[in-house]
Each structure stands twice: as structure tokens, then as C-alpha cells.
Amino acid sequence: FGYGKIEYISQVCISAFMIIGCIYLFVDSAIVIGTGTIIVPHWVVFFTAIVSALFNAVMYKFSSCGAKELKSPTLKAHAEHNKIDIASSILVAIGVLATRNGMEWVDPVIAIIECAHVLYGSTKIFWSGYKGIMDANLPPVEIATITRMTMEIPEVVRVESARARESGHRIFLDMVVRLAPHLTVADSKRIGNSLRTHLRSNNENLTNIHVQFIPAGEAK
């Protein structure tokens, strides 16, 4: 319905809640270590962690495939959180084993280590969503790809400039392209249509492409 940025907003919200949870767990684990009030977890926790790791592995596979297919930042964020949860679940299982074998200090230490891991991953996802909300420029490597594809059009002499920004799913592209000076306005229109089709065949999110044609050898 045109609300392309809603996925980036949800991505930021999910990551923000994860960051807040990490901070709370870090403080709680530090208090447990400081006071020495360590509770030995039940074996149910161990088996639950194993099931959780397997479940998140399956979810990561489906979410990452869906994110690539649909170009969905929310599904991509979900897949990244699933990947983080796989590591978290495995570490929880290790913590339970260690604690039940007399090394009670391992469980809260693992909690602190995992807090740092989840905080790092959530911050990356948060920053990615933030850039999506703020209409960040397209990375230079993608601009280079667009320039290279533009040069594949036979009549194009040179790409004078290319700028692109993301707005939700959509990418807005502004280009200045030099053509051979003998071409007519009708030729320019035909070339422009061919160029847009060619670029969208590589990236369907290029929904708004503005191209200015100028003759080769003429001042910009």
C-alpha cells in the first residue's frame, strides 16, 4: 500500500527491544556473580536449549530465503535474530552442563558473553533499519554495478554521474548519461526505455529512474 518504510521501522523496534533485554540480562548476570546466588538449572533447560537451537536453524533457513526472494528487511532482520538465537541456545546448553557438573560460575559468565554477542548483532540490525528509515545512499559497489550495466547499452558513451537512495523497498536513481551527438530526441526516448528495462532486470527495486541525456562533448 505504499508504506515501504514500515518494515524498517519494525526492524528498528525489534532490535531496540533486543538491546534493552541484553542490557537488563547483563546487569542481572553481574549481580548474580557479585552476590554468588547461583541457581542450578534443571535438565529441562538443557533439552529446551537443544530444541531451540534446531528450531532456530530451520527458521533461519526459511527466513533468509524469504528475505532474498521478497527483498524484505524485516525477514532479513528476523533471519539474523534466528542466527543469533542458534548461538545463544548452544551456549545455554553448555552453561547448563557446566553448572550441573559443579562449575556454577559458568552459567552467569556465559550469559554476560552472550549479552555482548546479541548486543553486537542487534546493534548492526538496528543501524541497518535506521539507514533504511533515513533514505541512506546506495553503497558505492551497487552504484558501480548500475554504472557498469548502463555502459552495456550500445549508444551510451559515458555515465557522467549516478546517485541513488533507498526509501523503504524502493530505490530512487538519478543519472546523467552522455550519448553520441548525432542521436535525435526520439532516439533518446528509446534508449531511456531500454536502459530502465535493463537496470530493472538486475534490481526490481529500482522503481524510480530519472535519466538526463546530454550529447558527448557538450559541457554538463
Side-chain angles (χ1 to χ4, degrees), residues 1-16 59-83 121 123-220:
F1 295 98
Y3 299 100
K5 291 188 180 181
I6 189 66
E7 288 205 79
Y8 289 107
I9 293 171
S10 64
Q11 182 177 337
V12 167
C13 291
I14 291 169
S15 301
M59 289 297 294
Y60 171 73
K61 179 66 175 178
F62 277 97
S63 297
S64 57
C65 288
K68 292 176 183 176
E69 183 71 23
L70 302 175
K71 305 289 192 299
S72 170
T74 300
L75 277 177
K76 183 179 178 181
H78 188 265
E80 288 300 317
H81 280 135
N82 285 137
K83 187 164 67 173
T123 302
K124 282 179 59 179
I125 297 168
F126 180 91
W127 180 244
S128 173
Y130 174 77
K131 289 195 296 182
I133 293 173
M134 298 302 290
D135 286 2
N137 290 332
L138 219 60
V141 64
E142 294 192 37
I143 295 292
T145 299
I146 290 172
T147 301
R148 176 182 54 77
M149 291 190 68
T150 302
M151 292 300 299
E152 292 173 359
I153 303 297
E155 296 88 349
V156 172
V157 176
R158 186 170 72 252
V159 177
E160 191 70 31
S161 66
R163 296 183 300 174
R165 61 184 176 85
E166 295 177 291
S167 181
H169 283 297
R170 298 181 297 172
I171 296 175
F172 292 82
L173 174 65
D174 290 293
M175 303 180 71
V176 178
V177 176
R178 289 191 180 274
L179 302 177
H182 67 273
L183 296 173
T184 65
V185 174
D187 291 329
S188 299
K189 184 176 181 180
R190 173 182 55 80
I191 295 166
N193 291 334
S194 298
L195 176 59
R196 291 181 182 90
T197 301
H198 186 52
L199 292 176
R200 285 170 182 152
S201 68
N202 180 66
N203 191 337
E204 61 185 17
N205 291 335
L206 281 164
T207 56
N208 193 309
I209 302 174
H210 177 263
V211 184
Q212 178 187 353
F213 292 114
I214 57 176
E218 182 180 286
K220 183 178 174 183

Partner set under salt bridge (charged side-chain N to carboxylate O under 4.0 Å, His left out) for Arg165, not counting sequence neighbours: Asp135
Glu204: partners by salt bridge (charged side-chain N to carboxylate O under 4.0 Å, His left out), with sequence neighbours left out: none
When rounded to the nearest 0.5 angstrom, what distance separates [atom1] in [X] from [atom2] in [Y]?
X	Y	atom1	atom2	answer
Ile146	Leu138	CD1	CG	5.5 Å
Arg200	Thr207	CZ	OG1	7.0 Å
Leu183	Ile191	CG	CD1	5.0 Å
Ser128	Glu80	OG	CD	9.0 Å
Ile133	Tyr8	CD1	OH	9.5 Å

How close do [X] and [Y] get, counting heavy atoms only, and between which atoms?
X	Y	result
Ile143	Ala162	CG2-O, 3.9 Å
Thr150	Val156	O-CG2, 3.6 Å
Ser64	Ala79	N-CB, 3.7 Å
Leu179	Val157	C-CG2, 3.7 Å
Ile209	Arg196	O-NE, 3.3 Å
Leu206	Leu199	CD1-O, 3.8 Å

For Thr184, all residues meeting side chain to side chain donor-acceptor pair (under 3.5 Å), sequence neighbours excluded: Asp187
Contacts of His81 that satisfy side chain to side chain donor-acceptor pair (under 3.5 Å) - sequence neighbours left out: none
Side chain to side chain contact (heavy atoms under 4.5 Å, CB included) assessment of Gln212 paired with Glu160: CA-CA 10 Å; Gln212 178 187 353; Glu160 191 70 31; over 6 Å; no
Side chain to side chain contact (heavy atoms under 4.5 Å, CB included) evaluation trace for Val177 with Ile153: CA-CA 11 Å; Val177 176; Ile153 303 297; over 6 Å; no
Chi angles and distances behind the salt bridge (charged side-chain N to carboxylate O under 4.0 Å, His left out) call for Glu152, Arg148: CA-CA 7 Å; Glu152 292 173 359; Arg148 176 182 54 77; 3.1 Å; yes
Glu69, CD atom: more than 12 neighbouring heavy atoms under 6.0 Å: no
More than 12 heavy atoms of other groups within 6.0 Å of Arg190 CZ: yes
CA sep, side-chain torsions, deciding dist, call: Lys61, Cys65, side chain to side chain contact (heavy atoms under 4.5 Å, CB included): CA-CA 6 Å; Lys61 179 66 175 178; Cys65 288; 4.2 Å; yes
Trace of the side chain to side chain contact (heavy atoms under 4.5 Å, CB included) decision for Gln11 with Ile125: CA-CA 7 Å; Gln11 182 177 337; Ile125 297 168; 3.6 Å; yes
Heavy-atom side-chain contact between Val159 and Met151 under 4.5 Å: yes
Pair listing, ring pair (Phe, Tyr, Trp, His ring centres under 6.0 Å) test, anchored in residues 178-217, at least two apart: none
Listed once per pair and sorted, the ring pair (Phe, Tyr, Trp, His ring centres under 6.0 Å) pairs that draw on residues 127-149, sequence neighbours left out: Trp127-Tyr130
